[in-house]
Protein chains: 2
Amino acid sequence: MLREERHRYILNEVKIRNRVLLTDIAQQLAVSEDTVRRDLQQLNERGKLKKVHGGAVANSFHVYTYREDQIYAHEHKIEIATKAIQLLKDGGVLVMGGGTTNLEVARLLPEHLHLTVFTPSLPIAMQLIAHENIETIFVGGRLSHDAQIALGGETIKTFSHVKADYCFMGTGNLDATQGLTEFDWEVVQLKKAMIETAQQVVVLTISEKINSAQRFNVCPVTEIHVLVTELDLYDPRLTEFSAKGLNVL
Amino acid sequence: MLREERHRYILNEVKIRNRVLLTDIAQQLAVSEDTVRRDLQQLNERGKLKKVHGGAVANSFHVYTYREDQIYAHEHKIEIATKAIQLLKDGGVLVMGGGTTNLEVARLLPEHLHLTVFTPSLPIAMQLIAHENIETIFVGGRLSHDAQIALGGETIKTFSHVKADYCFMGTGNLDATQGLTEFDWEVVQLKKAMIETAQQVVVLTISEKINSAQRFNVCPVTEIHVLVTELDLYDPRLTEFSAKGLNVL
DNA sequence: AAAAAATATGTAAAATCGTGCACAAAACCG
DNA sequence: CGGTTTTGTGCACGATTTTACATATTTTTT
């Protein structure tokens, strides 16, 4: 196990759970506690997390990147992407957010499908131009170093002129009462604008992010139309959402 | 086993697994670890992956494209890029076109240099966000499938609001009498708009494209301020340009 | 205050790295 | 074609890094 892998694993855990225990990680990664301790020290020095007695917590000043989680739950993401693609109709207009799950969607889009896609995400745009029948419009703006997406006023303004059939929202935390939440204020603004564009708001998320919340609110659950996860349809974690009228896949 | 084969194998492994162990590869390819180490070093220098202790991990900034192997005249491009970078001043505003030479510029930009860069090129934007001190603004629009850049009216309109110190123009054909030419009408429109933004127009081109012309005219030689090539300063192919007042590097 | 947990520090073994060098293969050149 | 240069590869060796364990110290909990 490379140090880099451990670091990514730890950061991902911190990002999802907001805190980690040193002993847990040592066990999960099958390395000594000393090694984990050193890892946490290094990540602490780089400002990626805040080391505390017994483990570490999220650093409130650090924006957690969307690429640190690219290795994890990859199987699930493929599954989610596959389900989500089935919602799309030929000739439709789609707005895609960032995140690795949406990247998977972009990769798995069938070649024959004709679509017009608006996206502020660099990796997703890169992936989309491989498809001949997809017209990709990159919604430009100032690029965020970590998230690899365009942010800021210009980007949001551009979205306000778009009318789309679907909006595929990627990463973010989803809670039945709090709704969709984010840790980065600028991303919140962008997501709000994207949701506005679309008739159908589709949230793609792995179960880990369900029933957890971040600092800022993007929208209530009622504004979401479809929820796509890797879970079974009758999983108890989903009942609250389907009760609120969401179409759960 | 050719080096090229090993490189491909390694990159493919990285792409699939997101990480590789040096010892594994040495075994799988039946070569010494030293050789693999050197391979990883080279791939690291080219920005294709990130070398770490014990192996390598995927470089999240690298775009794994299909037309990967434009390594043609790669040495020259590095040389040109290095020269061109010396023109830049800290705190400046730069407009970058597409092309592999500009991609090289983006890759080789020194970490300490503070810049604001406007570009319509996806791969270049992808490369630029790796630099902490560079603010990248992607000028969005409809993406061209083959050129991997944004084209069309919106893109051009956005550039009309930009005032830059430099404009780095990449690929294109340059002739002493015809000036800068292109074969794609839409690219011509875009390049014109980009030239308009900048006080200094810098053309980066390998010698092969000098004294050849395409169908459409972008601008006369007189609108170009600096010409950067891999050639010696006193090469006969350049005299015509320096005679017309171009600063030749 | 004592017990438990977590941390800091030192050390030794193992893995990995960098460098110089020899040798072979390939490319170059007259 | 033969000789030279260049390039790539493997090996040896010392230097460095990484890791796990042992032990002492600090912090937290009871």
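Because the structure is predicted, anything quoted here is derived from the model rather than measured. Every chain is numbered from 1 and lettered A, B, ... according to where its sequence line falls, protein lines coming before strand lines.
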(request) Give the rounded distance in Å between these two atoms: CD of B:E4 and C1' of D:dT9. (result) 17 Å
(request) Find the distance B:R37:CZ to D:dT16:C1' and express it as a whole number of Å. (result)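 Nearest whole value for this atom pair: 12 Å.
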(message) Going by the rule side-chain hydrogen bond (donor to acceptor under 3.5 Å, both in side chains), which residues pair with A:T181 if we only count those two or more places apart in sequence or in a different chain?
(response) none
(message) Going by side-chain hydrogen bond (donor to acceptor under 3.5 Å, both in side chains), name the residues that satisfy it together with B:R6, two or more places apart in sequence or in a different chain.
(response) B:D39
(request) Find the bend of the helix from C:dA1-D:dT30 to C:dG30-D:dC1 as the angle between its two terminal axes (five pairs each), to the nearest 10°. (result) 40°
(request) Summarise how protein sits on nucleotides 17-30 of chain D as a single string, 5' to 3': B when a protein heavy atom is under 4.0 Å from the base, S for sugar-phosphate-only contact, - for no contact. (result) SSBBBB-----S--
(request) Considering only NZ, NE, NH1 and NH2 on the basic side and carboxylate oxygens on the acidic side, decide whether A:E5 and B:R19 come within less than 4.0 Å. (result)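 Between B:R19 and A:E5 there is a salt bridge, with a charged N closer than 4.0 Å to a carboxylate O.
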[X]: partners by ring pair (Phe, Tyr, Trp, His ring centres under 6.0 Å), with sequence neighbours left out:
X      : result
B:Y9   : none
B:F168 : none
B:F183 : none

Test of understanding: with side-chain contact (heavy atoms from CB on, under 4.5 Å), list the residues that count as partners of [X], not counting sequence neighbours.
X      : answer
A:T239 : none
B:N12  : B:I16
A:E4   : A:R8, B:K50, B:V52, B:V57

Can you tabulate the close N/O pairs, meaning under 3.5 Å, that link protein atoms to atoms of nucleotides 2-4 of chain C?
none

Side-chain donor-acceptor pairs under 3.5 Å in residues 112-120 of chain B, sequence neighbours left out?
from   : atom 1 : to     : atom 2 : distance (Å)
B:H114 : ND1    : B:H112 : O      : 3.1
B:T119 : OG1    : B:M96  : O      : 2.9
B:T119 : OG1    : B:S121 : N      : 3.1

(request) Could you say whether B:V52 or A:G54 is positioned toward the 5' end of DNA chain C, judged by the nucleotide with the nearest heavy atom to each? (result)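 Upstream on the strand: A:G54.
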(message) Can you see if the side chain of B:Q41 gets near the phosphate of C:dC17 - specifically, an N or O under 4.0 Å from OP1 or OP2?
(response)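 No, B:Q41 has no side-chain N/O under 4.0 Å of OP1/OP2 on C:dC17.
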